Each structure stands twice: as C-alpha cells, then as structure tokens.
Amino acid sequence: MIKADIGSIGGHVRTCDVTTDVVCKLVAEAKESGLIIDYRVWNAGDDTEIFTTHTRGIDNEEIHKLAFDALKAGADNARERGLYGAGQDLLKDAFSGNVRGMGPGVAEMEFEERPADPVVVFTADKTAPGAFNYPICRIFADPFNTAGLVIDPKLHNGFIFDIYDIKGNQMVTLKTPEEYYDMLALIGSTENYVIKRVFSKNKQLGQAAAISTEKLYAVAGKYIGKDDPAAVVRAQSGFPATGEVLEGFALGHLVTGWMRGSHNGPLMPVPLRYSQCTRFDGPPRITGLAFSMKKGKLTEPIDVFDDPAWDITREQCMRVADYLRRHGPFEPHRLPPDAMEYTTLPNVLKKLKSRFKPL
Ligand code: F6R
Ligand code: MG
Ligand code: MG
C-alpha cells in the first residue's frame with residue numbers, strides 16, 4: 001500500500017474521480033506488463049490509495065517508482081484542473097530509488113500466501129500514524145477485544161510488535177502478552193511511538209500487519225497536512241478473525257488531526273461513499289476494504305464499515321465531535337503546544353514575543 005494526498009475537490013474534502021482514473025491507468029498498465037499481479041486504487045477522503053500485490057518484496061525500486069509515477073501523473077492532472085492542494089504530499093520531483101522520505105505513506109509486507117489469505121486494508125484521513133496504535137493493540141494484544149487470544153491455541157501465545165520511536169529515530173521489538181504493560185507504556189504516547197509491524201510468534205504465519213508511519217513534517221520540516229496513515233492486516237486461521245480485526249475500531253477512539261492537523265477528534269469508521277471530510281474538515285475517518293486473494297490475485301473488495309452494525313459507533317463519534325467542537329480553540333480539543341509546533345501557530349505567536357515582560 002502506497003498513498004498520498006495529490007489534490008482534492010472543494011478544499012481538502014475528497015479526491016476527484018478523473019484524477020484517480022489517471023493514477024489507476026498507470027497502475028493497470030503495470031499489471032498488464034507483469035510488474036504487479038493485481039491492484040486496487042481508491043480514496044480515503046482527500047488521499048489517493050494504491051494497493052498492489054506482487055512478488056518483488058518490500059522496498060522494491062520498480063514498485064516504488066510505479067507508485068511515484070502514478071501519483072505524480074495524478075498530481076499533474078490535479079494541478080491542470082485546479083484541484084486543491086495538487087501534489088501536496090509529493091515533496092520531491094525526481095524519484096531516487098524509494099518513495100520513503102518523498103512524502104507518500106508506505107505499508108508493505110511480504111509473506112507466504114496461505115491457501116486462503118483474507119486481508120483487510122485500512123485507510124484513514126485527517127489523522128496521524130499513531131491513530132492505529134489503539135486498534136492494532138486491541139486487535140493483537142487485548143483479550144477483551146480478541147476472543148481468539150484466549151480460546152484459540154493458534155493465537156494464545158500472542159504476537160510480536162515492532163514499535164518506532166518516531167522522534168528519536170529508533171525502534172524496539174516487544175512481545176505480548178509478556179511485555180504488554182511495557183508496550184502500553186510506549187504506545188499510549190501516540191505522537192511519539194507508533195506500531196509499525198506485527199508478527200505472529202508462529203514463524204510459518206509470519207507478518208500479521210504493516211502500518212504506514214511516515215510523518216510529513218519530519219520530511220518537509222514544516223506542517224504540510226496530516227499523515228493520514230494506512231494499514232494492511234491479515235486475518236483468520238492463526239491471526240485474529242476479520243470480526244476481531246474490525247472490533248478494534250468500535251470505540252471511535254480519539255486521535256490527533258482533524259482541522260489543520262491541530263485537533264483531537266474521534267476516528268469515525270465509514271463506508272467508502274462517506275469518505276469525504278466535511279464537518280470542520282472531518283471528523284477524522286477510517287475506511288476498510290477486505291479482500292481474499294489467490295496467488296496474489298484479489299477478489300472484489302468488501303467495504304467493511306458499510307454495515308448498520310457501525311451506526312452506533314458513528315453516532316457516538318458525532319456526539320463526541322459535537323462536544324469537542326464547543327471547546328473551540330481550547331485544549332484538549334486543540335492539541336498541546338509541542339504538537340502545535342509543526343502547524344502554522346508558531347507564526348502567529350512570533351509577533352507576540354517582544355511584548356512579553358519578565359514577571
Ligand atoms: C487537515 C487538512 C485541512 C487543512 C485546512 C487548511 O489535514 O488538510 O484541515 O489544514 O483546510 O488548509 P489550507 O491551509 O490549505 O487552507
Ligand atoms: Mg489535503
Ligand atoms: Mg488527507
């Protein structure tokens with residue numbers, strides 16, 4: 001999965017089908033030429049998402065170049081047609097071997113395909129990579145979420161987590177259940193520590209999840225937009241069931257992002273048709289597509305949050321959103337000062353600096 005905001009209609013609301021078709025065409029050609037096995041291109045709010053299956057492994061130059069070229073062609077089309085924020089996440093013009101560090105978000109994994117390998121691809125808008133900490137932790141480590149951790153011997157041993165310290169530029173690997181509390185001590189700080197990868201303790205099963213962790217401000221040195229992460233999660237037969245995977249999103253938990261990347265708000269699970277951010281540029285939302293695959297060939301997707309079963313979560317999210325909105329510019333709706341450092345706020349505060357006198 002490689003994704004970027006390359007422009008959208010009517011502000012940072014939703015991508016444009018015409019632009020998405022331009023991206024799609026290049027990816028389709030790569031399927032015809034045999035570079036990739038299969039693909040799907042869609043949008044989460046104002047972000048364009050490219051999901052491909054192939055046998056070239058992670059960090060492959062040709063695959064990254066394909067994604068970069070497709071996103072760039074889409075950005076050019078968006079620019080020609082006056083879409084808003086055209087090319088926003090493509091921070092560099094020339095491709096140099098890997099899209100990592102060039103703006104797009106990346107979530108890749110390599111595994112030996114099982115006879116049937118269900119995979120759920122989550123794409124979020126108006127939020128940050130740390131938004132996945134809570135659901136991924138509940139899915140793979142919390143027995144109150146995932147019944148299989150208690151009653152299925154294939155899951156009972158737990159999982160292994162790679163956690164990135166995104167500000168310290170280092171990582172740590174922790175195992176659950178034995179190091180569960182240590183893991184929570186880190187990942188509760190969602191702006192500092194993010195879960196990057198999850199593995200089964202059963203080596204044969206391999207990797208269970210991959211999450212994009214790219215921080216745009218870290219690449220660009222200033223606020224450009226939120227990082228709007230994506231995650232790929234494998235389900236069933238030794239991994240949590242698809243329903244256990246989705247259950248991780250039932251709270252509508254609070255995440256950072258929303259308007260100007262500067263506010264806390266609930267992460268609302270929605271079907272693709274509702275993936276457009278309108279109220280106060282949000283609220284932050286998550287979409288999910290479930291696929292089955294055989295030898296890398298994908299079935300049609302199931303739009304997993306297109307179910308009245310999620311109505312109660314959505315309603316709760318909007319009640320929370322409405323309540324938070326009434327705080328206006330006050331914390332904890334607005335993010336604390338260290339998180340605001342990368343927004344446009346310091347430019348406003350600069351001019352007050354000389355007015356301060358010692359107490
Ligand atoms: C958040 C986001 C939007 C913009 C806001 C201001 O990730 O993309 O909330 O920050 O609409 O956008 P500009 O500065 O482009 O007018
Ligand atoms: Mg945008
Ligand atoms: Mg976005």
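Indexing begins at 1, ligand by ligand and atom by atom, following the structure's order. As the structure is a prediction and not an experimental result, all values here were calculated from the model.
A distance of 10.5 Å separates NE2 of His12 from CG of Asp47, quoted to the nearest 0.5 Å.
Of the options Arg56, His54, Lys65, a side chain to side chain contact (heavy atoms under 4.5 Å, CB included) to Leu35 is made by Arg56 and by none of the others. Paired with Leu83 under the rule side chain to side chain contact (heavy atoms under 4.5 Å, CB included), one option of Val18, Ile9, Ile6 passes, and it is Ile9.
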Open item on the list: With side chain to side chain donor-acceptor pair (under 3.5 Å) as the criterion, how do Glu247 and Thr146 come out once you've worked through the C-alpha distance, each side chain's angles and the decisive distance to 0.1 Å?
Closed with: CA-CA 8 Å; Glu247 186 66 11; Thr146 298; over 6 Å; no
Task: Trace of the side-chain contact (heavy atoms from CB on, under 4.5 Å) decision for Met1 with Glu49 - done: CA-CA 7 Å; Met1 162 64 79; Glu49 319 280 343; 3.8 Å; yes
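When distances from the Mg ion (ligand 2) to the N, O or S atoms of His12 are compared, ND1 comes out shortest. The atom of Asp47 nearest to the Mg ion (ligand 3) is OD2, with the search restricted to N, O or S atoms. Within Asp5, the N, O or S atom lying nearest to the Mg ion (ligand 2) carries the name OD2.
In this structure, Gly11 does not count as a contact residue of ligand 1, since none of its heavy atoms falls inside 4.0 Å of the ligand.
Residue Gly261 approaches ligand 1 through these ligand atoms, each under 4.0 Å from one of its heavy atoms: 1 (C). Atom numbering of ligand 1 starts at 1 in the shown order; those under 4.0 Å from a heavy atom of Tyr84 are 13 (P), 15 (O), 16 (O). Close approach of ligand 1 to Met259 is summarised as follows: ligand atoms under 4.0 Å from at least one heavy atom of the residue are 9 (O). Listed by atom number, the atoms of ligand 1 under 4.0 Å from Trp258 heavy atoms are 1 (C), 9 (O).
For a threshold of 3.5 Å applied to N or O pairs, the pair formed by Asp46 and ligand 1 contains no separation below that value. The shortest N/O to N/O separation between Lys126 and ligand 1 does not fall below 3.5 Å.
Here Asp125 contributes OD1 and Asp46 contributes OD1, and at the Mg ion (ligand 3) these two atoms make an angle of 100°, given to 10°.
With respect to Arg260 and Asp281, no salt bridge is recorded, no charged nitrogen being found less than 4.0 Å from a carboxylate O.
One of the N, O or S atoms belonging to Asp228 lies under 2.8 Å away from the Mg ion (ligand 3).
In this structure, Phe305 has its ring center at least 6.0 angstrom away from the ring center of Tyr274.
Applying the salt bridge (Lys or Arg N to Asp or Glu O under 4.0 Å) test to residues at least two apart or on different chains, the pairs with a partner in residues 302-314 are Arg273-Asp306, Asp311-Arg314.
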